[in-house]
**Q** 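Dumping the structure here so I can ask a few things about it.
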Amino acid sequence: MACSDFELATTLASGQVFRWRQEGPAFSGWMGGSFVRILQIDSTLRFQGTSPVSLRRFFSLDLDLKKIAFQMDVDEIVHGAIQRYWGLRLIRQDPWECLASFILSAFNNIPRLTGMLNRLATRFGESGRFPGPEGLGRVSERALRSCGLGFRAPYLRAAALAVARGSVDLVRLRSLEDDALRKDLLAIPGVGEKVAECVMLFAYGRASAFPVDVWIGRAMRTWYFRRGRVTDRQIREFARRHFGPTCGWAQQYLYCLARGSSRPALRGPSHPA
DNA sequence: TCCCAGGTGTCGC
DNA sequence: GCGACACATGGG
């Protein structure tokens, strides 16, 4: 399958998904209930386990990256990030796995989060699939803790029960406007502003979401606020105005820049916005 | 060993 | 609304 303006490796390593693995030049992981293996050679994708339509949807290949980039390319910093990580795309994940992943991401690091998700899949999922809300809701808090979830165990369990019982309908949420969607997500146990924005961006394709985590917060304060004391909410509101309706894409590019450039760059002189 | 991690819930102003 | 604090755990 032909693709343009897409870098598979960059996209999978950008902290949106946590269970994909590299096997030589190829990558493998789950797209919902399907186990998929993908190999990218230049602008060609060779794959098994899914369909072209599903693949395009998952990696947002149906969207024109050039148009998106043009919209958000409003200053030198994001311009540099766009150039450096060109081909990075937002992923449209399964909402439940995305929600669970980011509930567990709280006060955590990515290697350990990966371990936690894999243990859940191995112990409670079918042949490696991530377990659904019904299945996880039946698992005791004690069993969840034995997977290393720590204090997040009751949050994940409560969220699973809420979805399993239908008090949260992840399919219906898809049809809601951004503000209503955010409000419903925030009502889920263990979901705060940051996780809600992640789910909006990584599962529901809401490009106007702008999750502010420690990395983006640190980078934005350095790059756009001269290290000033601003709250995460102020950063998010600034970003929506500054980068516009595709600010979520800007967030993902800046996140990679902030992490990829390592700490010294973040400590460097602040740039004018 | 020690630090820190893609935060949230809860409390007190 | 905002700041401070606790929270379990293990990777690096």
Side-chain angles (χ1 to χ4, degrees), chain A residues 10-21 81 85 88 90-91 93 95 97-120 123 140-162 168 182-204 206 209-223 225 228-239 247-264 266-267:
Chain A
T10 305
T11 299
L12 290 176
S14 67
Q16 301 181 65
V17 290
F18 307 100
R19 297 180 61 219
W20 282 74
R21 276 212 280 255
Y85 295 99
L88 166 62
L90 255 23
I91 296 174
Q93 304 178 40
E97 181 166 356
C98 183
L99 175 63
S101 298
F102 283 97
I103 286 175
L104 297 182
S105 76
F107 200 29
N108 206 345
N109 57 60
I110 291 181
R112 192 160 85 95
L113 172 58
T114 298
M116 287 159 49
L117 294 169
N118 282 331
R119 284 189 289 277
L120 289 174
R123 292 186 52 178
S140 69
E141 182 184 323
R142 179 186 176 81
L144 292 178
R145 282 182 187 270
S146 75
C147 292
L149 304 200
F151 65 89
R152 306 166 194 82
Y155 293 151
L156 181 63
R157 184 171 146 75
L161 286 172
V168 175
R182 181 182 303 101
K183 180 168 170 289
D184 280 14
L185 288 172
L186 286 172
I188 300 171
V191 176
E193 303 272 354
K194 192 270 176 182
V195 171
E197 298 282 318
C198 282
V199 175
M200 291 175 70
L201 189 57
F202 301 143
Y204 290 105
R206 308 302 171 102
F210 194 93
V212 179
D213 71 329
V214 288
W215 288 93
I216 280 291
R218 206 148 49 198
M220 292 291 289
R221 286 182 182 88
T222 301
W223 295 336
F225 293 92
R229 291 178 68 84
V230 288
T231 64
D232 290 353
R233 177 170 294 178
Q234 288 174 306
I235 290 174
R236 209 174 61 224
E237 284 166 3
F238 163 80
C247 64
W249 288 75
Q251 185 276 159
Q252 201 56 23
Y253 276 83
L254 292 172
Y255 176 77
C256 288
L257 185 64
R259 298 207 62 156
S261 62
S262 74
R263 292 169 190 228
L266 288 180
R267 293 206 200 95

**Q** Looking at the side chain of A:Thr231, which of B:dG6, C:dA8, C:dC2 is the nearest nucleotide?
**A** C:dC2
**Q** Distance between the P atoms of C:dC5 and B:dG6, in whole angstroms?
**A**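 Looking at atom P only, C:dC5 and B:dG6 are 23 Å apart.
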**Q** Between B:dC4 and C:dA6, how far apart are the two C1' atoms, rounded to whole Å?
**A** 16 Å
**Q** Quick one: A:Asp213 CG to B:dA5 P, roughly how many Å, whole number?
**A** 10 Å
**Q** Any N/O pairs under 3.5 Å between the protein and nucleotides 9-13 of chain B? List them or say none.
**A**
from	atom 1	to	atom 2	distance (Å)
B:dG9	OP1	A:Gly190	N	2.8

**Q** Determine the interatomic distance between P on C:dG11 and the same-named atom on B:dT8; round to the nearest Å.
**A** 23 Å
**Q** Nearest-Å distance, CG (A:Leu90) to P (B:dG6)?
**A** 18 Å
**Q** Among residues at least two apart in sequence or on other chains, which ones pass salt bridge (Lys or Arg N to Asp or Glu O under 4.0 Å) with A:Arg123?
**A**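 A:Arg123 satisfies salt bridge (Lys or Arg N to Asp or Glu O under 4.0 Å) with no residue once adjacent residues are dropped.
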**Q** Say whether, by atom type as modelled, one donor and one acceptor occur between the side chain of A:Gln16 and the main chain of A:Ile91 under 3.5 angstrom.
**A** yes
**Q** Measuring from A:Ile216:CD1 to A:Ile235:CD1, what's the distance to the nearest 0.5 Å?
**A**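 Between atom CD1 of A:Ile216 and atom CD1 of A:Ile235 there are 9.0 Å.
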**Q** Could you list the residues that satisfy ring-ring contact (aromatic ring centres under 6.0 Å, His included) with A:Tyr155, not counting sequence neighbours?
**A**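 Testing A:Tyr155 for ring-ring contact (aromatic ring centres under 6.0 Å, His included), a comparison that skips the adjacent residues, returns none.
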**Q** Mind calculating the distance between CD (A:Glu237) and C1' (C:dC2) to the nearest angstrom?
**A** 13 Å
**Q** Choosing from B:dA5, B:dG6, C:dC7, which nucleotide comes nearest the side chain of A:Tyr255?
**A**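 Nearest to the side-chain atoms of A:Tyr255, counting from C-beta on, is B:dG6.
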**Q** Quick one: salt bridge (Lys or Arg N to Asp or Glu O under 4.0 Å) partners of A:Arg19, sequence neighbours excluded?
**A**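 By the salt bridge (Lys or Arg N to Asp or Glu O under 4.0 Å) rule, A:Arg19 matches A:Glu97.
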**Q** With a cut-off of less than 4.0 Å, is there a side-chain N or O of A:Arg119 near OP1 or OP2 of C:dT9?
**A** no
**Q** Among residues at least two apart in sequence or on other chains, which ones pass side-chain contact (heavy atoms from CB on, under 4.5 Å) with A:Asp184?
**A**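 Testing A:Asp184 for side-chain contact (heavy atoms from CB on, under 4.5 Å), a comparison that skips the adjacent residues, returns A:Arg172, A:Leu173, A:Leu176.
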**Q** In whole Å, I'd like the distance from the CZ atom of A:Arg229 to the C1' atom of C:dA4.
**A** 12 Å
**Q** Mind checking what makes ring-ring contact (aromatic ring centres under 6.0 Å, His included) contact with A:Phe225, not counting sequence neighbours?
**A** A:Phe238
**Q** Using the C1' atom on both, measure C:dG10 against B:dG9 and round to a whole Å.
**A** 23 Å
**Q** Which whole-number value in Å describes the distance from A:Met200 CE to B:dG6 P?
**A**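 About 22 Å, once rounded to whole Å.
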**Q** Regarding A:Gln234, tell me which of base, sugar-phosphate or nothing describes its non-hydrogen contacts under 4.0 Å with the strands shown.
**A** nothing
**Q** Provide, to the nearest angstrom, the distance between the CZ atom belonging to A:Arg236 and the C1' atom belonging to C:dG1.
**A**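 So the two atoms are 13 Å apart, to the nearest Å.
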**Q** Suppose you measure atom C1' in B:dT1 against the same atom in C:dT9; what distance do you get, rounded to whole Å?
**A** 16 Å
**Q** Test side-chain contact (heavy atoms from CB on, under 4.5 Å) on A:Phe210 and A:Leu201; report intermediate values, then the result.
**A** CA-CA 8 Å; A:Phe210 194 93; A:Leu201 189 57; over 6 Å; no
**Q** Touch check for A:Arg233, heavy atoms < 4.0 angstrom, all strands: base, sugar-phosphate only, or nothing?
**A**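 The answer is sugar-phosphate, as A:Arg233 gets under 4.0 Å only of primed atoms, P, OP1 or OP2.
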**Q** Taking OP1 and OP2 of B:dG6, is either one under 4.0 Å from a side-chain nitrogen or oxygen of A:Arg259?
**A**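 Affirmative; the distance criterion is met.
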**Q** Whole angstroms only, please: what is the CE-C1' distance between A:Met116 and C:dC7?
**A**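 So the CE-C1' distance, A:Met116 to C:dC7, works out to 13 Å.
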**Q** Roughly how many Å is it from CG in A:Leu120 to P in C:dT9, rounded to a whole number?
**A** 14 Å
**Q** Identify, with sequence neighbours excluded, every residue that meets ring-ring contact (aromatic ring centres under 6.0 Å, His included) alongside A:Phe202.
**A**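 Only A:Phe102 meet the ring-ring contact (aromatic ring centres under 6.0 Å, His included) criterion with A:Phe202.
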**Q** Would you please name every residue forming a salt bridge (Lys or Arg N to Asp or Glu O under 4.0 Å) with A:Arg145, sequence neighbours left out?
**A**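 A:Arg145 satisfies salt bridge (Lys or Arg N to Asp or Glu O under 4.0 Å) with A:Glu141 only.
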**Q** Is it the case that B:dG6 (base atoms only) and A:Glu197 (side chain only) share a donor and an acceptor within less than 3.5 Å, ignoring hydrogens and angles?
**A**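 In this structure, the two groups form no donor-acceptor pair.
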**Q** Can you list, by residue number, the residues of residues 101-112 of chain A that have a non-hydrogen atom closer than 4.0 angstrom to DNA chain C?
**A**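 A:Phe107, A:Asn109, A:Pro111, A:Arg112 - these, ordered by number, are the residues of the stretch whose heavy atoms sit under 4.0 Å from the strand.
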